[in-house]
Undergrad: 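Here it is, the structure in full.
If you read the sequence from its start, that first residue is 1, and numbering goes on from there. As the structure is a prediction and not an experimental result, all values here were calculated from the model.
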Amino acid sequence: MDLSALASGLDTIWVVLTAAMILLMEGGFALLEAGFVRQKNAVSIIMKVFVDITFGALIFYFFGFGLMYGKDVSGLIGTSGFMMGGDLTHIKLSISNDTYWLFQCAFVIAVISIVSGAVAERINFHAYILYAIAMTGFIYPIAGHWVWSVGGWLGSLGMIDFAGSAVIHAMGGFSALAAAIFIGPRIGKFSDDGTPNIVPPSNLPLASVGAFVLWFGWFGFNSGSTLSATNSSIGHIAVTTMLAAAAGGATCILFTMLRYRKADPPMVINGSLAGLVGITAGCAFVSDGAAIFIGAVCGIAMVFATEFLESKRIDDPVGAFAVHGVSGSIGTLAVGLFAKPELAASVGQGYSGLFYGGGWSLLGVQALGLIIVAVWGFALTWIALKLIGRLAPVRVSRDEELVGLDVGIHGVPAYSQEHDFIELNKLKSR
């Protein structure tokens, strides 16, 4: 075996392992969201996560990957690679196309999971399946093609989004915002005068474990995006990822102590996640100090964004927009400010941020790309839900929402009160 074959083998192992880490994040999403929502809707959360990973993988295989990474047409769309067939010779990597598909599949599943939290406790399960198909088969792949594919028009302009602050998190966050506005708040979330009511989470320890699983998976998210086991920047990417997450959480602890007189657990959990989202675009390009700053800013911005949404009577049960939409936007723009040329060179890029002599060009491209993918995610989600509404109700009935989606939609509670077996006739009579 020559050195090139050995390197390719190592790269394959690295990418498959990091893809598995990203897929494990679905367990984190499930635990986090199930802990944040009320007990009567925990099964509904789990079922949506299974939709994400099952329908998401199949639709991305049949359609999404080809639209995203297929042979480019005018910088807008891919036209090959459907079911991994056709001309994919333009993808020049040390790993196989199958390996590359697996890694990108893990990304698309994460995108739809962002939206699932924003519509928790009131979306119709049939409508959610249809939306998951639209997101994984069209909405996300087209935005991804513009930034990441060979010939994509935003990537050709020089936009940098190393692991997806813009394409995954900002786009997914603004999609979540559109879905939350479209479907409306949960019954009882807001009083008649618009005052928000507290909806106690069912299990904060469960939510915190979910956050830790997501934190773990994020090392695969960011470091795995090198697509190479021998890339010298892997260690630096892991450090910036860790520091940004720590800064986001620590800042939220201190900030909520000052603002609310108590350290707010859900805010602290989301603060760490906000730091992770914020560093995702620039993890390979910024210094350790910049990573800490980005994480801290994202943590504070997440708190203000959460308060702003509630003031506008927008119900986002898990803070999907505040964590992903806002922090993803900050992280995307931060690359245009803090990208260091020597770090960019280590991953094959030649760009410098404004604070390192690069001028305004990179920041301008980052801002343009951010606006494009955010508007795309918001608008296409709104259109998709409008179309879905003609086929199935987007929101569950009032009775189903009040009794809980676990029993109302799925026919089983998350936590059974029965102490023994349930007679089948008794179950049918309910």
Undergrad: Sub-3.5 Å donor-acceptor pair from the side chain of S352 to the main-chain atoms of G358, do we have one?
TA: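 Pair absent, no side-chain N/O of S352 close to backbone of G358.
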Undergrad: Would you be so kind as to tabulate the donor-acceptor pairs closer than 3.5 Å made by side chains of residues 209-220, with sequence neighbours excluded?
TA:
unit_1 : atom_1 : unit_2 : atom_2 : d
W218   : NE1    : L276   : O      : 3.4
W218   : NE1    : T280   : OG1    : 2.9

Undergrad: Please report the shortest heavy-atom distance between C105 and V108, naming the atom on each side.
TA: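 Scanning both residues, the minimum pair turns out to be O-CG1, 3.1 Å.
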Undergrad: Does some side-chain heavy atom of E307 sit less than 4.5 Å from a side-chain heavy atom of V303?
TA: yes
Undergrad: Report yes if the side chains of E310 and I314 come closer than 4.5 Å at any heavy-atom pair, otherwise no.
TA: no
Undergrad: Please collect all salt bridge (Lys or Arg N to Asp or Glu O under 4.0 Å) contacts where either partner lies in residues 142-161, sequence neighbours excluded, each pair once.
TA: none
Undergrad: Is it the case that over 12 heavy atoms from other parts of the model lie below 6.0 angstrom from the CZ atom of F50?
TA: no
Undergrad: Check side-chain contact (heavy atoms from CB on, under 4.5 Å) between C283 and all other residues, then give those that pass, not counting sequence neighbours.
TA: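 With neighbours one apart ignored, the set is F162, N222, I237, T240, T241, I279.
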Undergrad: Yes or no on side chain to side chain contact (heavy atoms under 4.5 Å, CB included) for W153 and I372, after CA distance, side-chain angles and deciding distance?
TA: CA-CA 11 Å; W153 73 278; I372 294 296; 4.0 Å; yes
Undergrad: Please report the interatomic distance OG1(T79) to CG(D72), rounded to the nearest 0.5 Å.
TA: 8.0 Å
Undergrad: Is it true that a side-chain atom of Q366 and a backbone atom of I160 form a donor plus acceptor pair closer than 3.5 Å?
TA: yes
Undergrad: Which heavy atom of A42 sits nearest to which heavy atom of A34, and what is that distance?
TA: CB-CB, 4.4 Å
Undergrad: Is it the case that atom CZ in F293 sees more than 12 heavy atoms from other parts of the structure closer than 6.0 Å?
TA: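 Counting other residues, nucleotides and ligands, CZ of F293 stays at 12 neighbours or fewer.
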Undergrad: Apply side chain to side chain contact (heavy atoms under 4.5 Å, CB included) to F138 and L380, showing your working.
TA: CA-CA 9 Å; F138 184 77; L380 266 291; 4.1 Å; yes
Undergrad: With sequence neighbours excluded, what pairs up with K40 under the salt bridge (charged side-chain N to carboxylate O under 4.0 Å, His left out) test?
TA: none
Undergrad: Quick check: do F338 and F285 have side-chain heavy atoms less than 4.5 Å from each other?
TA: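 Result no, sub-4.5 Å side-chain heavy-atom pair not found.
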Undergrad: So, for V373 and A143, which heavy atoms are closest and what is the spacing to 0.1 Å?
TA: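 That closest heavy-atom pairing would be CG1-CB, 4.4 Å.
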Undergrad: If only side-chain N and O atoms count, and only distance matters, is there a donor-acceptor pair under 3.5 Å linking T89 with D87?
TA: yes
Undergrad: Just one of W376, Y140, Y69 clears the ring pair (Phe, Tyr, Trp, His ring centres under 6.0 Å) bar with W146, so which one?
TA: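 Going through the options one by one, the only one that passes is W376.
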Undergrad: With no hydrogens and no angle check, just 3.5 Å: does a side-chain donor-acceptor pair link S94 and D11?
TA: yes
Undergrad: What do you reckon, are the aromatic ring centroids of F63 and F82 less than 6.0 Å apart?
TA: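 No, ring centres 6.0 Å or more apart.
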Undergrad: Atom CD1 in I294, atom OG in S165: separation rounded to 0.5 Å?
TA: 8.5 Å
Undergrad: How many angstroms lie between atom CD1 of I95 and atom CG of L227, to the nearest 0.5 angstrom?
TA: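 The distance works out to 5.0 Å.
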Undergrad: Just wondering, do H145 and I142 contact through their side chains at under 4.5 Å, heavy atoms?
TA: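 Of all side-chain heavy-atom pairs linking H145 with I142, none is under 4.5 Å.
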Undergrad: Looking only at non-hydrogen atoms, find the nearest pair between P141 and G64 and report the distance.
TA: CB-O, 3.4 Å
Undergrad: Rounded to the nearest 0.5 Å, what separation is found between the CG atom of D98 and the OG1 atom of T12?
TA: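 These two atoms lie 10.5 Å from each other.
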Undergrad: Can you find a heavy atom in the side chain of L273 that is under 4.5 Å from one in the side chain of L32?
TA: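 SC-SC contact between L273 and L32 confirmed.
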Undergrad: Determine all donor-acceptor pairs shorter than 3.5 Å in which one atom belongs to a side chain in residues 175-183; sequence neighbours excluded.
TA:
unit_1 : atom_1 : unit_2 : atom_2 : d
S175   : OG     : M171   : O      : 2.8
S175   : OG     : G377   : O      : 3.2
S175   : OG     : T381   : OG1    : 3.2

Undergrad: On a heavy-atom basis, which atom in L363 and which in L333 lie closest, and how many Å separate them?
TA: CD1-O, 3.4 Å
Undergrad: Any side-chain heavy atom of L88 within less than 4.5 Å of one from F65?
TA: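 In contact.
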Undergrad: Evaluate the side chain to side chain contact (heavy atoms under 4.5 Å, CB included) criterion for residues L354 and L362: first the C-alpha distance (whole Å), next the side-chain angles of each, then the deciding distance (0.1 Å), finally the verdict.
TA: CA-CA 8 Å; L354 177 64; L362 179 57; over 6 Å; no
Undergrad: Quick one: do H410 and F125 satisfy ring pair (Phe, Tyr, Trp, His ring centres under 6.0 Å)? Show the steps, please.
TA: CA-CA 9 Å; H410 302 290; F125 190 63; 4.9 Å; yes
Undergrad: To the closest 0.5 Å, what do you measure between OG1 (T136) and CD1 (I112)?
TA: 7.0 Å
Undergrad: Evaluate the side-chain proximity of I114 to H169: yes if any heavy-atom separation is below 4.5 Å, no if none is.
TA: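 H169 vs I114: side chains touch.
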Undergrad: Cut-off 3.5 Å, side chains only: do T226 and S228 have a donor facing an acceptor?
TA: no
Undergrad: In terms of side-chain heavy atoms, does D52 have a donor or acceptor partner in Y128 at a distance below 3.5 Å?
TA: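 A pair is found: one side chain offers a donor N or O, the other an acceptor, under 3.5 Å apart.
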Undergrad: Hey, does E400 have a side-chain heavy atom less than 4.5 Å from the side chain of I409?
TA: yes
Undergrad: Closest approach of I59 and I133, non-hydrogen atoms and distance?
TA: CG2-O, 3.8 Å
Undergrad: Between D264 (side chain only) and T256 (backbone N and O only), is there a donor and an acceptor less than 3.5 Å apart?
TA: no
Undergrad: State whether the side chain of N41 and the backbone N or O of S44 hold a donor-acceptor pair below 3.5 Å, judged by distance alone.
TA: no
Undergrad: Distance from M242 atom CE to D288 atom CG, nearest 0.5 Å?
TA: 12.5 Å
Undergrad: Using only atom types and a distance under 3.5 Å, with no angle test, would you say the side chain of D315 pairs donor to acceptor with the backbone of A118?
TA: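 Judged by distance alone, no pair lies under 3.5 Å.
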Undergrad: Hey, does the side chain of T251 reach the backbone of G248 with a donor-acceptor pair shorter than 3.5 angstrom?
TA: no
Undergrad: Applying salt bridge (Lys or Arg N to Asp or Glu O under 4.0 Å), which residue pairs with at least one partner in residues 107-133 are found, sequence neighbours left out?
TA: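 As it turns out, the salt bridge (Lys or Arg N to Asp or Glu O under 4.0 Å) pairs with a partner in residues 107-133, which skip direct neighbours, are R38-E121, E121-R186.
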Undergrad: Would you tell me whether T99 and S96 have side-chain atoms, one donor and one acceptor, within less than 3.5 Å of each other?
TA: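 A pair is found: one side chain offers a donor N or O, the other an acceptor, under 3.5 Å apart.
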Undergrad: For S113 and F29, indicate whether the former's side chain and the latter's backbone hold a donor-acceptor pair under 3.5 Å.
TA: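 Between the backbone of F29 and the side chain of S113 there is no qualifying donor-acceptor contact (under 3.5 Å).
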Undergrad: Which is it for R395 and N124 under the side chain to side chain contact (heavy atoms under 4.5 Å, CB included) test, yes or no, and what are the steps along the way?
TA: CA-CA 5 Å; R395 182 165 180 152; N124 183 294; over 6 Å; no
Undergrad: Is there a donor-acceptor pair under 3.5 Å between the side chain of S202 and the backbone N or O of V37?
TA: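 Indeed, once roles are kept as given, a pair shorter than 3.5 Å links the two residues.
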Undergrad: Measure from the ring center of F321 to the ring center of F378 and say whether it is less than 6.0 Å.
TA: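 No.
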